[in-house]
Every structure is written in C-alpha cells, then in structure tokens.
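One structure is given here, and the rest of the page talks about it.
Chain letters run A, B, ... following the sequence lines, proteins first, then strands; residues in each count from 1.
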Amino acid sequence: MVTDNVLVTRYLAELERAAVSLPPGRREELVDQIRDHLDAALAEAETAPGDAGLRVVLDRLGAPDEIVRAEIGELSPTPPKVSTRRELAAAVLMTLGSFVVPVIGWLVGAALLWTSSLLRLREKILATLLVPGGAGLLLIVGGLAASSCSTTTTSANGGPTVVVADTCAPANVLLQRLEIGAAVLALIVALVLPVVLYVVARRRADRQELLTR
Amino acid sequence: MVDRGPVNPLSQLRRGVLEYCVLSLLSRGGQLYGFDIVRRLADVEALVTSEGTIYPLLSRLRRDGWVTTSWAESDSGPPRRYYAITATGRTALGAFTADWDRFRDSVDDLLRERT
C-alpha cells in the first residue's frame with residue numbers, strides 16, 4: 001500500500017495541512033483523490049519503485065500548496081453582478097419623479113444618468129434633450145399655456161356679447177391637431193425614453209457579467 | 001516557452017481549455033479513472049504543469065453537472081473513483097469546440113499574417 005512509504009505519508013500529511021482551509025468534505029475528497037492517484041501510479045510501475053521513482057511521481061503531482069490553491073480557485077464565488085441601480089433610479093426619477101417633484105426630480109435623474117458607465121454619450125445627450133424636465137414639466141407647461149389664454153369680450157349697452165380677442169381659439173383646426181399630436185408625442189417620448197435606456201443599460205450589464213464569468 | 005512571470009498568457013490559455021480537454025477525453029473514452037485522465041493529459045505536451053491540479057478541476061466539473069463519478073471495486077486495494085461525461089457536459093463540449101475552431105483559426109490567421 002502506498003501509505004507504507006515515508007515519502008508518501010509525509011506528502012499526504014503536508015497536503016492535509018495545506019487543505020485545512022477547505023470545506024471538510026472537499027478536503028477529505030481531495031486527499032482521497034491524491035492517495036488514489038499515488039496507488040495507481042505505484043501499481044503502474046512493474047517493480048516497487050525506489051525513493052527516486054517515488055520522488056518523480058510526487059514531483060509530477062506537484063506541491064500540495066499548488067494543488068490546494070487550484071482547489072480554492074475552483075471554489076471561487078460567483079462573479080460580481082454589475083449593478084444597474086443608478087440607471088433604474090434615473091429612469092424612475094426622469095419619469096415618475098418629474099411629476100412628484102417637478103423639475104428637480106427630473107434634474108436629479110438626469111444627473112444620475114450622466115454618471116452612468118453603462119450608457120454612451122449620445123444616449124445621454126438624447127435623454128437630456130428629449131424631453132428636458134420630463135413628462136411632468138410638459139404637463140405643467142401645457143397647463144400654463146392653456147390657462148393663460150384669455151377670451152376678451154365686450155358688449156354694447158344691452159347688446160349681445162361680442163368676442164373681441166380670443167387667444168384660446170387656435171388659428172385653424174389643422175394647427176390645433178398638430179399641436180395636440182406633438183404634445184402627445186413629446187409626452188410619450190418623455191415617459192418611454194428613460195425606461196428604454198434602463199433596459200439598454202441592463203442588457204449591457206448582463207453581457208459584462210457573462211464575459212467575466 | 002515565453003515566460004512573462006505571473007501573467008503568463010499560455011498558462012491562462014491552459015486554464016481556459018483544460019476542462020474541455022478533460023471533457024473530450026471522457027466523451028471518447030467512456031468512463032475513466034482519475035489517474036488515466038491525468039496521464040493522458042500529461043502525454044499532451046505543455047498542457048499540464050502539475051498533475052495534482054487536475055483533481056480540483058474534476059471535482060468542479062462534477063459540481064457543475066458536466067461529469068459524474070462512481071466507484072469501482074478494485075481487487076488490489078480500496079474502491080477507485082472513475083468519471084464519466086454527462087449530457088450537459090457533452091453540450092458544453094460541443095459549444096466550446098465550435099467556438100474554439102473559430103478562435104483558433106482567427107488567431108492562426110493573424111499570427112501567420114494571412115489577414
């Protein structure tokens with residue numbers, strides 16, 4: 001049996017010492033595997049190898065430290081996850097935040113977006129220009145525009161009221177439809193773009209995680 | 001072989017491909033004893049520096065479900081562990097082989113100035 005030999009027992013003892021940092025199940029298994037290997041190596045030799053022969057076998061096996069290091073390497077924890085918390089917060093602030101805390105909410109979200117390492121410059125520029133202030137600001141501006149228009153009327157004594165000036169009436173129906181259309185489009189973009197950018201960032205993060213596996 | 005100290009590119013390459021070499025041996029050889037796997041790898045020049053480091057790799061392959069192990073009774077001593085590839089292992093091997101072919105061809109082309 002291989003453990004009859006002093007070189008081998010010393011080697012295995014060194015291995016057990018080096019493996020003390022391993023989980024117990026794995027430590028036992030590793031020592032068993034190495035002992036198994038040595039048994040097979042000796043069985044392979046036709047005559048019982050002398051110390052020189054054994055030294056060759058042990059050399060080829062490698063230093064116990066190195067083997068344990070390899071084991072630790074294989075036990076390495078899962079690679080770090082790439083966080084997209086920043087991009088998520090930016091998306092939320094630039095959409096919902098623009099209603100809850102108008103202007104400032106959007107600004108904070110935009111600032112977070114600009115510090116993102118997962119988005120490209122042109123994507124950040126796009127998000128800043130479409131739409132500044134976010135959906136919240138759009139609605140506020142739209143509301144102000146609507147409430148600031150006025151209809152001025154006069155009436156001659158006892159006569160019917162006549163509209164003198166009306167800034168609420170649109171120049172024509174087509175223009176009114178275009179204005180409404182543009183406003184709706186801007187609103188949709190302001191709500192959707194930050195979310196799309198978050199998804200883009202998440203996909204890039206996933207790809208990065210995969211590559212560092 | 002070029003040795004640039006701790007950041008030896010060849011040793012990093014070895015680490016990456018070694019598990020697939022093991023899987024390849026198992027996919028062709030049926031079931032193999034650990035010792036057989038180690039010796040066959042050692043026959044391939046410059047692939048294995050320290051034979052003992054194959055065993056942690058084999059254990060990790062088992063944890064990943066790419067390899068299974070069983071015990072065989074041996075008349076000349078204690079039961080010996082042998083290894084076999086799983087279906088998942090075969091799939092992983094197939095995927096790597098395809099990637100490797102492309103990779104190896106590209107690197108070869110560049111190194112030999114064919115591109």
Side-chain angles (χ1 to χ4, degrees), chain A residues 1-5 8 11-12 14-16 18-19 21-46 48 54-79 210-213, chain B residues 6 8 11-12 14-16 18-20 22-23 31-83 92 95-96 99 103:
Chain A
M1 262 297 295
V2 76
T3 42
D4 293 340
N5 184 286
V8 170
Y11 182 89
L12 288 176
E14 215 184 305
L15 181 62
E16 294 224 28
S21 55
L22 299 177
R26 188 50 210 138
R27 176 171 64 241
E28 260 182 62
E29 194 181 307
L30 183 60
V31 175
D32 279 345
Q33 282 174 313
I34 301 299
R35 195 183 298 116
D36 205 12
H37 175 103
L38 290 168
D39 273 334
L42 289 177
E44 185 184 58
E46 260 134 38
L54 264 175
R55 260 184 251 271
V56 170
V57 171
L58 292 175
D59 272 347
R60 289 177 66 164
L61 207 45
D65 274 340
E66 206 180 327
I67 298 178
V68 172
R69 232 177 306 138
E71 178 66 32
I72 292 173
E74 301 290 356
L75 290 176
S76 58
T78 48
L210 207 71
L211 288 173
T212 55
R213 185 190 170 276
Chain B
N8 188 346
S11 62
Q12 297 201 309
R14 266 189 228 118
R15 263 198 297 276
L18 200 56
E19 60 194 276
Y20 298 100
V22 170
L23 288 178
Q31 296 166 149
L32 294 173
Y33 289 120
F35 185 71
D36 294 329
I37 296 174
V38 167
R39 276 303 151 89
R40 287 190 204 198
L41 286 175
D43 284 345
V44 178
E45 196 206 302
L47 198 55
V48 182
T49 44
S50 149
E51 290 182 353
T53 58
I54 305 286
Y55 293 98
L57 175 61
L58 286 170
S59 300
R60 199 255 293 164
L61 289 175
R62 196 191 68 224
R63 276 198 301 274
D64 285 349
W66 290 1
V67 151
T68 53
T69 65
S70 314
W71 296 97
E73 290 300 326
S74 162
D75 22 90
S76 57
R80 297 176 61 190
R81 186 187 291 254
Y82 62 88
Y83 302 81
F96 174 79
D99 285 343
F103 176 74

Taking every heavy atom of F35(B) against every heavy atom of A40(A), the minimum-distance pair comes out as CG-CB, 3.4 Å
Donor-acceptor check, side chain of T53(B) to backbone of I67(A), threshold 3.5 angstrom: yes or no? no
Quick one: of L61(A), V68(A), L15(A), L30(A), who has the most non-hydrogen atom pairs under 4.5 Å with chain B? L61(A)
For residues R26(A) and P56(B), report the shortest heavy-atom separation together with the two atoms involved. NH2-CA, 3.8 Å
For L57(B), is it the side chain, the backbone, both, or neither that has a heavy atom closer than 4.5 Å to a heavy atom of chain A? both
Which heavy atom in D36(A) sits nearest to a heavy atom in R80(B), and how many Å separate them? OD1-CG, 3.5 Å
Hey, what do you get for CG (L58(B)) to CD (E74(A)), rounding to the nearest 0.5 Å? 9.5 Å
Of the options R60(A), H37(A), Q33(A), which is the one that meets V38(B) in a side-chain contact (heavy atoms from CB on, under 4.5 Å)? H37(A)
